[in-house]
Undergrad: 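Let me begin by handing over the structure; questions about it come next.
Everything quoted here is computed from the prediction, not taken from an experiment.
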Amino acid sequence: MLRRPGGDRTNATGNEAIEAVRERRPDVVLLDGMLPDLDGTEVCRRLRVAGDYTPVLFLGARTTVEDECHALAMGGDDYVTKPFDIFEVGARIRALVRRAQGPGMVRGADRVAAAVLSSSRIRGA
């Protein structure tokens with residue numbers, strides 16, 4: 001579903017997600033809020049503490065404003081509540097990549113290498 005040519009999809013625990021981001025250096029991380037071993041916000045916090053500022057888009061089942069604000073406070077860049085529209089998620093991914101790459105970058109925002117870090121299947125996959 002979210003895989004693009006050259007893209008990567010990984011289902012992982014929180015600790016595996018951290019390692020995958022360090023090893024694969026994706027353009028953007030799609031991070032489920034609920035992973036088997038670590039909360040998604042903790043994964044994001046640990047990435048930030050380690051100096052990794054890869055853009056993070058949370059895909060969360062939690063629907064309160066407090067949950068969304070907490071994810072953003074822990075270093076997340078955006079938050080989409082499940083169930084979501086895949087076209088909206090795609091637009092948000094492209095926007096995050098565009099901002100992260102800055103003007104004049106060679107790689108286009110449409111060539112996203114996303115590491116999908118989720119313990120559950122994304123609706124519509």
Side-chain angles (χ1 to χ4, degrees):
M1 173 190 72
L2 293 175
R3 190 181 306 225
R4 300 260 186 186
D8 200 7
R9 179 177 177 159
T10 304
N11 292 308
T13 66
N15 285 309
E16 290 170 340
I18 293 168
E19 189 61 32
V21 170
R22 288 181 181 153
E23 289 177 3
R24 298 177 187 187
R25 309 300 309 155
D27 296 316
V28 63
V29 174
L30 303 183
L31 186 58
D32 191 298
M34 292 184 268
L35 297 168
D37 56 347
L38 296 173
D39 182 292
T41 56
E42 178 62 16
V43 171
C44 186
R45 188 193 71 75
R46 289 184 186 189
L47 289 172
R48 298 303 189 238
V49 166
D52 189 309
Y53 294 97
T54 303
V56 173
L57 171 60
F58 277 94
L59 305 175
R62 298 175 180 152
T63 58
T64 69
V65 172
E66 290 82 9
D67 289 327
E68 293 178 26
C69 290
H70 179 67
L72 297 173
M74 292 296 101
D77 297 286
D78 202 353
Y79 192 103
V80 178
T81 304
K82 295 178 189 178
F84 51 78
D85 183 278
I86 191 60
F87 296 107
E88 177 186 1
V89 171
R92 289 174 183 267
I93 290 170
R94 286 188 295 277
L96 286 171
V97 172
R98 221 179 16 251
R99 281 194 299 272
Q101 291 177 349
M105 294 298 291
V106 175
R107 296 183 331 196
D110 287 329
R111 293 180 45 205
V112 176
V116 179
L117 310 173
S118 175
S119 63
S120 60
R121 291 199 180 267
I122 298 171
R123 178 175 269 191

Undergrad: Between Phe87 and Leu96, is there shared hydrophobic-cluster membership here, with clusters defined by ILVMFWY side-chain heavy atoms closer than 4.5 Å?
TA: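 In one cluster with Phe87: Leu96, yes.
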
Undergrad: For side-chain contact (heavy atoms from CB on, under 4.5 Å), just list the numbers for Asp32 and Lys82, CA-CA rounded to whole Å, side-chain angles, deciding distance to a tenth of an Å, and then say yes or no.
TA: CA-CA 10 Å; Asp32 191 298; Lys82 295 178 189 178; 2.6 Å; yes

Undergrad: Using side chain to side chain donor-acceptor pair (under 3.5 Å) as the criterion, list what pairs up with Arg92, not counting sequence neighbours.
TA: Asp78, Glu88

Undergrad: Is Val28 reachable from Phe84 through a run of hydrophobic residues whose side-chain heavy atoms are each under 4.5 Å from the next?
TA: yes

Undergrad: Could you see if Ile86 belongs to whatever hydrophobic cluster contains Leu30? Use Ile, Leu, Val, Met, Phe, Trp, Tyr and a side-chain cutoff under 4.5 Å.
TA: yes

Undergrad: Just by distance, do the side chain of Asp77 and the backbone of Val56 share a donor-acceptor pair under 3.5 Å?
TA: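 Yes, Asp77 side chain to Val56 backbone: donor-acceptor pair under 3.5 Å.
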
Undergrad: CD of Glu42 to CG of Leu31: how many Å apart, nearest 0.5 Å?
TA: 11.0 Å

Undergrad: Please report the shortest heavy-atom distance between Tyr79 and Ala61, naming the atom on each side.
TA: OH-N, 4.3 Å

Undergrad: Does some side-chain heavy atom of Asp39 sit less than 4.5 Å from a side-chain heavy atom of Met74?
TA: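 Contact flag for Met74/Asp39 side chains = no.
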
Undergrad: In terms of side-chain geometry, is the basic nitrogen of Arg25 or Asp52 positioned less than 4.0 Å from the acidic oxygen of its partner?
TA: yes

Undergrad: Do you know which two heavy atoms are closest between Phe58 and Cys44, and how far apart they sit?
TA: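 Looking at all heavy atoms of both residues, the closest pair is CZ-CB, 3.8 Å.
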
Undergrad: Which distance, rounded to the nearest 0.5 Å, do you find between the OG1 of Thr41 and the CZ of Arg46?
TA: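 If we round to the nearest 0.5 Å, Thr41:OG1 and Arg46:CZ are 10.5 Å apart.
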
Undergrad: Could you list all the salt bridge (Lys or Arg N to Asp or Glu O under 4.0 Å) pairs where at least one residue sits in residues 63-75, not counting sequence neighbours?
TA: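 Pairs touching residues 63-75 that pass the test: none.
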
Undergrad: Judged by modelled atom types alone, do Asn15 and Thr13 share a side-chain donor-acceptor pair under 3.5 Å?
TA: no

Undergrad: Arg99: what forms a salt bridge (Lys or Arg N to Asp or Glu O under 4.0 Å) with it, not counting sequence neighbours?
TA: none

Undergrad: What's the verdict on side-chain contact (heavy atoms from CB on, under 4.5 Å) for Val43 and Val29, showing C-alpha distance, side-chain angles and the deciding distance?
TA: CA-CA 11 Å; Val43 171; Val29 174; over 6 Å; no

Undergrad: The test is side-chain contact (heavy atoms from CB on, under 4.5 Å); show your working for Leu57 and Val80 and say whether it passes.
TA: CA-CA 7 Å; Leu57 171 60; Val80 178; 3.8 Å; yes

